[in-house]
There are 2 protein chains.
Amino acid sequence: MSQERKKAPTMADVARLAGVSSMTVSRALRADAPASAETRRKIQEAADELGYVLNSTAAGLSSRKTGFIAVTIPSINNSNFADTVRGLTEGLKDVNLQVLLGYTDYDMNAEEKLIESMLRRRPEALVVTGGSHTGRARRLMANAGIPVVEMWDLPEKPIGHVVGFSNRETSQAMCRRLYEKGYRRIGYIGGASSRDTRGADRRRGYEEAMRELGCDPRVTAFGDPPITMRQGGGALAQMLERWPDIDAVICVSDLSAFGALCECQRRGLSVPQDIAIAGFGNYDLADCAVPSLTTVEVHAERIGRRTAELVLERLTGENPDSAPVTSLMDFQIIERESA
Amino acid sequence: MSQERKKAPTMADVARLAGVSSMTVSRALRADAPASAETRRKIQEAADELGYVLNSTAAGLSSRKTGFIAVTIPSINNSNFADTVRGLTEGLKDVNLQVLLGYTDYDMNAEEKLIESMLRRRPEALVVTGGSHTGRARRLMANAGIPVVEMWDLPEKPIGHVVGFSNRETSQAMCRRLYEKGYRRIGYIGGASSRDTRGADRRRGYEEAMRELGCDPRVTAFGDPPITMRQGGGALAQMLERWPDIDAVICVSDLSAFGALCECQRRGLSVPQDIAIAGFGNYDLADCAVPSLTTVEVHAERIGRRTAELVLERLTGENPDSAPVTSLMDFQIIERESA
DNA sequence: TTGAAAGCGTTACCAT
DNA sequence: ATGGTAACGCTTTCAA
């Protein structure tokens, strides 16, 4: 029964079968356009019989509305970014906008390529993670003629809208909190390169805060971002070797924090008595681990929802020419058992 | 300097500026097509000057090749599926195929809608996770006239290619392994509904194996899939209440297994001495946790790569009319400290 | 190697 | 409420 499909049916085919023009089919297939109930029924029937599926490639070409929102994230395997994408998708689906998702592997050159390939699809808006881009990528975005949103960061020179927070401040805040609790010999565990610009900002915040507080920064960088759990454990081991008297560590993410925690457990060090540990991101893991991890909640899903709002404001005509907005999202330290 | 963009430049604009026909531009912009080096240079220059970006919506309409591979996964926030998507993306990018990703939230009706909306984009192949679909979804896929791959499962009645493994067998194997190690009062922790069909299959495998071994199945179902870490902990608590003499639990995923592990730790139960725990998926977490988790490795990334291979065989003409293939992937029990 | 013409399948626009 | 016609921006096809 492998009936070779000669050719997919088009609107014209449906129109012929229903005895109407293809314009009428076009209208009947959309909720808003005018069409009599009877006509709609006939057309629906014909479409079902033929197994017709609208070709939105053609529709997009004609209407200049592809229904795409292009979104780039550093990694597809990251709970925080996944939450943001969920927020975005949910916030967009009521208006029939589809997320076209791509990931950059924390690589600006990959991002540039990705942005170009996405722009070819003529998305109606472009959402990127982070505020550091190649020159060409910046140009592409600025000239695309569509709303642009940079998320998860506060770029010095925004391209369009911004929905983010200061990664620097999160680690400063965490650092001060630990200081208040009496910790003085606080270390930092993060990735070895600055590919993860948000991670690099958090490290910078840590260093600044330490100096302000009159403490020496103690940084252990370990591997290419994103730093894994296992690398977090390795970093803690290195740190203990170099600074055996360390009494707390701030980690670039909950994953590395958990790795550090596990390393402590293997070594028989108790957390937080022997060493306190703080993470970032408020992953499920942080809440569940024993001891649970003190961390930073950054409301990843809200970032996505807010981004969707800004995009929609521009796109649905409510505010098509609004000036670029910087939406500063709040974060909060979640104190748990580990610090 | 907010220069209002009148209209995005087209090939015709580039052609005019370069003093050639738009056909020549079309060819020059692609690596393969014939065009003299000099012409290429001129055209590249003109394109750069205008900030021209190819419109692949129009290109796709004309060539009937959109360059999309549609992929559906249950959840975007799942390390295993993320790995599969990575494998797919990597395996596809050399030939300029782009993954169009969507998630179903473990809901067959959402899947149906998603598949239709993706089919409208005229992808060149369709890859779905799992083998259970609504009737309409099946029809849509079967009639789409493109290669279809069902992953992560072994459907009874495949639509096209299959790249999967028997979820039932994974838990049977785990169950037998625990039995061999001397455990007899083995429980199972999973989701409360069958939305996660792969999870439901694993539970079935557990039940079958237990009966074969002459043991009573003890199942604690807890919450809608995907079951979280916290729910895994809650499920363990319930299980201990109902069957205080339990000596091992098999969990539907490493996440719930970790939740169960943490619950044990909070209760002062040692793992595996008081109770053994096994997970599924071989997440980073399983390797890192203390004690590390015995689990099932299913080679998620390989599933993606193999899927890419099958799609490419059909698409690149090497084997355009090949019969549907079922590619049985292997899995393995990873024995660690927890069981 | 290059160009001209004819679509690709839909929607915008203007009539009726 | 419905239909006719002309795009939309590209590639295919056929010629030169």
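Throughout, a chain's letter reflects where its sequence line sits, starting with A, and its residues are numbered from 1.
Among pairs with a residue in residues 58-74 of chain A, none fulfils salt bridge (charged side-chain N to carboxylate O under 4.0 Å, His left out), at least two apart in sequence or across chains.
Every residue two or more places apart in sequence or in another chain was checked for a side chain to side chain donor-acceptor pair (under 3.5 Å) with B:Thr326, and none qualifies. Residues satisfying the side chain to side chain donor-acceptor pair (under 3.5 Å) criterion with B:Asn78, sequence neighbours excluded, are B:Tyr283. The ring pair (Phe, Tyr, Trp, His ring centres under 6.0 Å) search around B:Tyr52 returns none, not counting sequence neighbours. Under the ring pair (Phe, Tyr, Trp, His ring centres under 6.0 Å) criterion, A:Phe81 pairs with A:Trp152, not counting sequence neighbours. Applying the side chain to side chain donor-acceptor pair (under 3.5 Å) test to B:Thr24 and every residue at least two apart in sequence or in another chain returns B:Ser21. Applying the side chain to side chain donor-acceptor pair (under 3.5 Å) criterion to B:Ser79, with sequence neighbours excluded, gives A:Asn77.
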Restricting to nitrogen or oxygen on both sides, can you table the protein-nucleotides 12-16 of chain C pairs closer than 3.5 Å?
none

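One can place CE of B:Met11 at 15 Å from C1' of C:dT2, the figure rounded to the nearest angstrom. The distance from atom CG of A:Leu61 to atom P of C:dC8 is 14 Å, rounded to the nearest whole Å. If you measure from atom CG of A:Leu29 to atom C1' of C:dT11, you get 13 Å, rounded to the nearest angstrom.
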Do any side-chain atoms of residues 87-95 of chain A form donor-acceptor pairs under 3.5 angstrom with protein atoms, and if so which ones, sequence neighbours left out?
{"residue": "A:Thr89", "atom": "OG1", "partner": "A:Val85", "partner atom": "O", "Å": "2.7"}
{"residue": "A:Glu90", "atom": "OE1", "partner": "A:Lys93", "partner atom": "NZ", "Å": "3.1"}

If you look only at distance, which donor and acceptor atoms sit under 3.5 Å apart when one is on a side chain in residues 118-127 of chain A and the other is two or more places apart or in another chain?
{"residue": "A:Arg121", "atom": "NE", "partner": "B:Gln98", "partner atom": "OE1", "Å": "2.9"}
{"residue": "A:Arg121", "atom": "NH1", "partner": "B:Thr66", "partner atom": "O", "Å": "2.5"}
{"residue": "A:Arg121", "atom": "NH2", "partner": "B:Thr66", "partner atom": "O", "Å": "3.0"}
{"residue": "A:Arg121", "atom": "NH2", "partner": "B:Gln98", "partner atom": "OE1", "Å": "3.0"}
{"residue": "A:Arg122", "atom": "NH1", "partner": "A:Leu119", "partner atom": "O", "Å": "3.0"}
{"residue": "A:Arg122", "atom": "NH1", "partner": "B:Val53", "partner atom": "O", "Å": "3.4"}
{"residue": "A:Arg122", "atom": "NH1", "partner": "B:Leu54", "partner atom": "O", "Å": "3.1"}
{"residue": "A:Arg122", "atom": "NH2", "partner": "B:Val53", "partner atom": "O", "Å": "2.6"}
{"residue": "A:Glu124", "atom": "OE2", "partner": "A:Thr66", "partner atom": "N", "Å": "3.2"}
{"residue": "A:Glu124", "atom": "OE2", "partner": "A:Gly67", "partner atom": "N", "Å": "2.6"}

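Interface limits on DNA chain D: the 5'-most and 3'-most nucleotides within less than 4.0 Å of chain A heavy atoms are D:dA1 to D:dG9.
Comparing A:Val20 and A:Arg64 along DNA chain D, the residue whose closest nucleotide (by nearest heavy atom) sits nearer the 5' end is A:Val20. Where B:Ser21 and A:Val25 meet DNA chain C, the nucleotide closest to each residue was compared, and B:Ser21 sits on the side nearer the 5' end.
For the atom pair B:Arg41 CZ and B:Glu45 CD, the distance stands at 5.0 Å (nearest 0.5 Å).
Counted by atom type alone, A:His161 and A:Glu150 present zero donor-acceptor pairs between their side chains at under 3.5 Å.
Proximity of residues 35-58 of chain A to DNA chain C (heavy atom under 4.0 angstrom from any strand atom) is restricted to A:Tyr52, A:Leu54, A:Asn55, A:Ala58.
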